[in-house]
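Written out below as structure tokens is the structure these notes cover.
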Amino acid sequence: MIPVVQHQWKGNLAQAREIQVFLAQKVILKPFKIKPETVLAVDVSYSRFEKCGYGVAGLFKVAFDNRRHKFHIVSEQYYTNSDTVPFPYIPGYLSFREIPILLPILSQISERPDLLLVDGAGIAHPRHLGLAAHLGVIFDLPAIGCAKSRLIGDFLMPGLESGAYEYLRTNGKRIGVVLRTKPACRPLFISPGHRCTITDAWRLIFTFCDQYRLPEPLRRVDLMSKRMRKQIEKK
DNA sequence: GCGACAG
DNA sequence: ATCTTGTCGC
């Protein structure tokens, strides 16, 4: 995969902000019409003291199960990379920490997936460009942000049953959904990243959820990146 | 000025 | 994100 949008980043916050404002204009939120057959999920975990980042991308072939209204995974393939972390964690600027680790992985993948699942925010971000939106725009791929906690937005707590949801809002405007993916477990914060709507985003995420809180592709990629960290640090 | 703050 | 065991609740 080759990025559609390129930019040279000088490493300072002010320019990072400019890049976000610029790329946020390129986000498209139009309906996602097809059923995804190939899903790419990405995640990064970190060494102790966050010196080194371990990036994993999982390419999943999925099939839709009409009876259960869920997807199941037909095949999976993982791509990995580890590198020193180029940027500290600053809320609102996660992209500049994780994208440099993820780019070398994504360039190895020849196939273009139907959908990108990202562990982080989509447009539910102070400048409407969370990690999922950033990746979606630079690769021009449909992308969904699936965060385990809230970055921005107001919401009512959804009911305790699986599938219960409430909208995430800023200034009364809907920017995502707070979705209970497993009964009585902390909800997920779903927002579209690129080329899908809020409704597409949460419905797709929910079809990927089965018995765990996280959608299965993200859960597996998450496990994989933690295993990778453990193995490398054992040496 | 104060609090909030994805991973 | 990471450090960490058992334990309380749906």
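Note: hydrogens, waters and symmetry copies are ignored here, and every other heavy atom, side chains too, is used. Per chain, numbering begins at 1; letters A, B, ... match sequence-line order. From a predicted model like this one, the values you see are computed outputs, not experimental measurements.
No engagement by A/Gly53 is indicated, since no non-hydrogen atom pair under 4.0 Å with the nucleic acid exists. Residue A/Ala147 is in sugar-phosphate contact alone, with no base atom involved, counting any heavy-atom pair closer than 4.0 Å across all strands shown. A/Tyr93 comes within 4.0 angstrom of a base, heavy atoms only.
The environment of A/Asn171 atom CG is sparse: at most 12 non-hydrogen atoms of other residues, nucleotides or ligands sit within 6.0 angstrom. For A/Glu166, the CD atom is densely surrounded, since the number of other residues' heavy atoms within 6.0 Å is greater than 12.
Residue A/Arg229 places no side-chain N or O under 4.0 Å from the OP1 or OP2 atom of C/dA1. Distances shown here put every side-chain N or O of A/Arg127 at or beyond 4.0 Å from the OP1 or OP2 atom of B/dA6. When the side-chain nitrogen and oxygen atoms of A/Lys148 are compared with OP1 and OP2 of B/dG7, one or more of them lie within a distance under 4.0 Å.
Nucleotide B/dA6 holds its P atom 17 Å from the CG atom of A/Leu218, rounded to whole Å. Atom-to-atom, CE of A/Met224 to C1' of C/dA1 comes out at 19 Å; the value is rounded to the nearest Å.
Partners of A/Phe155 under the ring pair (Phe, Tyr, Trp, His ring centres under 6.0 Å) rule, at least two apart in sequence or in another chain, are A/Phe189.
Linking ILVMFWY side-chain heavy atoms closer than 4.5 Å, directly or via other members, places A/Leu40 and A/Leu218 in two distinct hydrophobic clusters. Each of A/Ile2 and A/Leu59 belongs to its own hydrophobic cluster when Ile, Leu, Val, Met, Phe, Trp and Tyr are linked at side-chain heavy-atom distances under 4.5 angstrom.
At a threshold of 4.0 Å, the pair A/Arg195-A/Asp200 does not count as salt-bridged, since none of the basic side-chain nitrogens sits closer than that to a carboxylate oxygen. A salt bridge is defined here as a Lys NZ or Arg NE, NH1 or NH2 lying under 4.0 Å from an Asp or Glu carboxylate O, and A/Lys148 with A/Asp119 meets this definition. Between A/Arg97 and A/Glu50 there is a salt bridge, since a side-chain N of the basic residue sits under 4.0 Å from a carboxylate O of the acidic one.
Minimum heavy-atom separation, A/His134 to A/Leu129: ND1-CD2, 3.6 Å. When all heavy atoms of A/Ile190 and A/Leu179 are compared, the closest pair comes out as CG1-CB, 4.1 Å. Nearest heavy-atom pair, A/Val56 versus A/Ile105, reported as atom, atom and distance to 0.1 Å: N-CD1, 3.9 Å. In terms of heavy-atom proximity, A/Val5 sits nearest to A/Lys26 at CG2-CD, 4.3 Å.
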Report each atom pair, protein N/O against N/O of nucleotides 3-5 of chain B, whose distance is under 3.5 angstrom.
unit_1 : atom_1 : unit_2   : atom_2 : d
B/dA4  : O3'    : A/Arg150 : NH2    : 3.3
B/dC5  : OP1    : A/Arg150 : NH2    : 2.9

Where along nucleotides 5-10 of chain C does protein come under 4.0 Å, by heavy atom, of base (B) or sugar-phosphate alone (S), with - for untouched nucleotides? ------
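Residues from residues 96-105 of chain A with heavy atoms under 4.0 angstrom of DNA chain B, sorted by number: A/Arg97, A/Glu98. At a non-hydrogen distance threshold of 4.0 Å, nothing from residues 189-212 of chain A comes into contact with DNA chain B.
Annotation: side chain of A/His72 is not in contact with side chain of A/Asp210 (no heavy-atom distance under 4.5 Å).
Minimum atom distance to the side chain of A/Lys226 is reached by C/dT2, of the listed B/dG7, C/dT2, B/dA6.
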Both atom distances under 3.5 Å, Watson-Crick or G-U wobble: I'd like the secondary structure of DNA chain B as a dot-bracket string, with | for pairs made across strands. .......
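Judged by a 6.0 Å distance limit and a 45° cone about the ring axis, A/Lys70 is positioned over the six-membered ring of A/Phe206. A/Phe22 does not carry A/Arg127 over the face of its six-membered ring by the limits of under 6.0 Å from the centre and within 45° of the normal.
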